[in-house]
Amino acid sequence: MNLADPQAAAGLRTPIRHQLFIDGRFVDAESGETLATLNPHDNSTIAEVALAGRADVDKAVAAAERAFPAWSRMAAADRGRILLRLADLIDANTEELARLESLDTGHPLHDSRMLDVPRTAGCFRYFGGMADKFQGDVIPVEAGFLNYLLREPVGIVGQIVPWNFPLMFTSWKMAPALAAGNCVVMKPAEITPLSSLKIAELMSEAGLPDGVVNIVPGLGSVAGQYIAEHERIAKIAFTGSTATGRRIVQASAGNLKKVQLELGGKGANIVFDDANLAAAVNGSAWAIFHNQGQACIAGSRLLLHEKIADEFLDRFIALAGSIRLGNPLDAATEMGPLTSAQHRDRVLSYVAVAREEGGELLAGGKAPAASELARGCYVEPTIVRVKSERDRVAQEEVFGPFVTVLSFRDEAEALRIANGTDYGLGSGLWTRDLQRAHRFARDLHAGMVWINSYKRVNPGSPFGGVGRSGYGREMGFEAMREYTQVKSVWVNVDAQIPPWYPR
Ligand code: NAP
Ligand code: MG
């Protein structure tokens, strides 16, 4: 197969990076193994990407260790300047990065241009500015002593990124880690390694010293597992499924790694009868259908007040049916394919589960009929009215364009259903009642709550969940705390300490 074609076909100006990035250089895996990364639009091969094994992870850790002393002691403002330069380079390469991300993941080009790339640049820019503003403390202790707190980097940080937002999550993970002075060994998802490798190239251009960031595409069960176990990696930050999160916690026990987990969700999206219906319909569609529903914070459980349920659904179903599915590289496309055939099959298997559970399919539930999409991983926007909030499809994370619908009578019922899962990532509600809005913000079991909107994120605003959705926070000052540890320093300035053993 001619692997040069995908680059030209996708309108990419620069070569697709397909090797590991270790110690500032692109290198093959020690084993010489590779894995094909596919275009989910037609399942054609984009590139054969080097597949890291344990020896490669060891090389990456060694490179990070060599880089750490200088990087961690560099003036914070200088680290920040490199991240700011990187942000500018990302902006300057928007089209290239957007096309690459769309090619590898299936994100519509419009989304990649308007969201993924600007948010990636924005995250590096925010933490570039943060680097020299995150400071320690002085504690008022007993007279004669100065007690101050140093916020030191944790050391070598392992980061494991999933396939749903590979470019954006590269920045969410790396930007605060680097701003705080850590060195990084990062494993992208095996099916979507390309955009993070491109970022590595831009990092070198921005002046990032060799070894500060190492990227090791590989299998979760091999490279990922080894990173989680690694004795010389001090912290692991993971985004992905709850099941893998558990495995990471177990693997991290050997050297008692600091662990940060961003896991799944089953976001409740509650629409009250006083809501602005037009805004709620559109916002709720975006909440579930953006990125083909492959988002941990997707609003995947729609709870509708019984008074507006019928009208809402009429409009919601019509809107879902009008979403333009197509090749992600076509700028008019509003919904692309799911990111892998395996995942498409998993999502469609939930349609079967819904039927078995007596759910009523209100829209979608199958691959689109259009012949030009037949070889891709497409699923139509799918809406299921479930019988019970306890049904599997209303409890388990489907991670696709698949939304369950239930109606409720009153606030108490809405809250009970909303809080009735093990997850607790994001939740939202649509209402004009100010007190109700804040009551729900208080009472929802979630790390994030959106009122009259959904899925808002910003590099300044802490992102993360409770319960089975994980622990720790990305973004904002919270992320800087996650990527540092406190050292308390005691100085005897002029304390008069009577001798404990008078002699
Ligand atoms: P996953 O297994 O959690 O994968 C996420 C990342 O973890 C990937 O880089 C993966 O590598 C890696 N990984 C897998 N096993 C590992 C291990 N034992 N040790 C260390 N790292 C490991 O998720 P998935 O299987 O791709 O997707 C399954 C479901 O997870 C989805 O349907 C969705 O419900 C959920 N999910 C949630 C998010 C989120 O944003 N919270 C993101 C992705 C998936 P490989 O690429 O080699 O598997
Ligand atoms: Mg791919």
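Order of appearance sets the numbers: ligands from 1, and atoms from 1 within every ligand. Numbering of residues begins at 1 and proceeds along the displayed sequence.
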> In this structure, which one of Ile233, Val216, Ile22 forms a side-chain contact (heavy atoms from CB on, under 4.5 Å) with Val61?
Ile233

> What I want to know is whether Lys187 and ligand 1 share at least one N or O pair that is separated by under 3.5 angstrom.
yes

> Relative to each other, are the rings of Trp450 and Tyr454 parallel, tilted or perpendicular (30° and 60° limits)?
tilted

> Ignoring angles and geometry beyond distance, decide whether Val161 reaches within less than 3.5 Å of ligand 1 through its nitrogen or oxygen atoms.
yes

> Mark the output for Phe165 as yes if a heavy-atom distance to ligand 1 is under 4.0 Å, and as no if none is.
no

> Under 4.5 Å between any side-chain heavy atoms of Phe463 and Glu478, yes or no?
no

> Is the distance between the ring centroids of Trp172 and Phe165 under 6.0 Å?
no

> Under the side-chain contact (heavy atoms from CB on, under 4.5 Å) test against Leu103, which residue among Leu109, Thr37, Leu329 passes?
Leu329

> Is the ring pair Phe26/Phe21 parallel, tilted or perpendicular, if the boundaries are 30 and 60 degrees?
tilted

> For atom 5 (C) of ligand 1, tell me which residue out of Thr244, Thr239, Leu261 has the closest non-hydrogen atom.
Thr239

> Between Phe169 and ligand 1, is there a nitrogen or oxygen pair with a distance under 3.5 Å?
no

> How far is atom 17 (C) of ligand 1 from its nearest protein heavy atom, and which residue and atom is that?
Gly220 O, 3.3 Å

> Looking at non-hydrogen atoms alone, which of Glu262, Arg247, Arg346 comes nearest to atom 32 (O) of ligand 1?
Arg346

> Has His343 got any heavy atom lying under 4.0 angstrom from an atom of ligand 1?
yes

> With rounding to the nearest 0.5 Å, note down the distance linking CD1 in Ile248 to CD1 in Ile160.
4.0 Å

> Where do Arg125 and Asp91 land on the salt bridge (Lys or Arg N to Asp or Glu O under 4.0 Å) test, with the steps shown first?
CA-CA 11 Å; Arg125 190 166 285 121; Asp91 280 341; 2.7 Å; yes

> Which of the listed options, Leu338, Ile227, Leu263, holds the heavy atom that is closest to atom 41 (N) of ligand 1?
Leu263

> Out of Ser241, Pro217, Ala189, who is nearest to atom 30 (O) of ligand 1 when you count heavy atoms only?
Ser241

> For atom 25 (O) of ligand 1, is some protein heavy-atom partner under 4.0 Å away?
no

> Using heavy atoms and a 4.0 Å limit, tell me yes or no: is Gly245 in contact with ligand 1?
no

> Would you say Ile160 has any N or O atom under 3.5 Å from an N or O of ligand 1, going by distance alone?
no

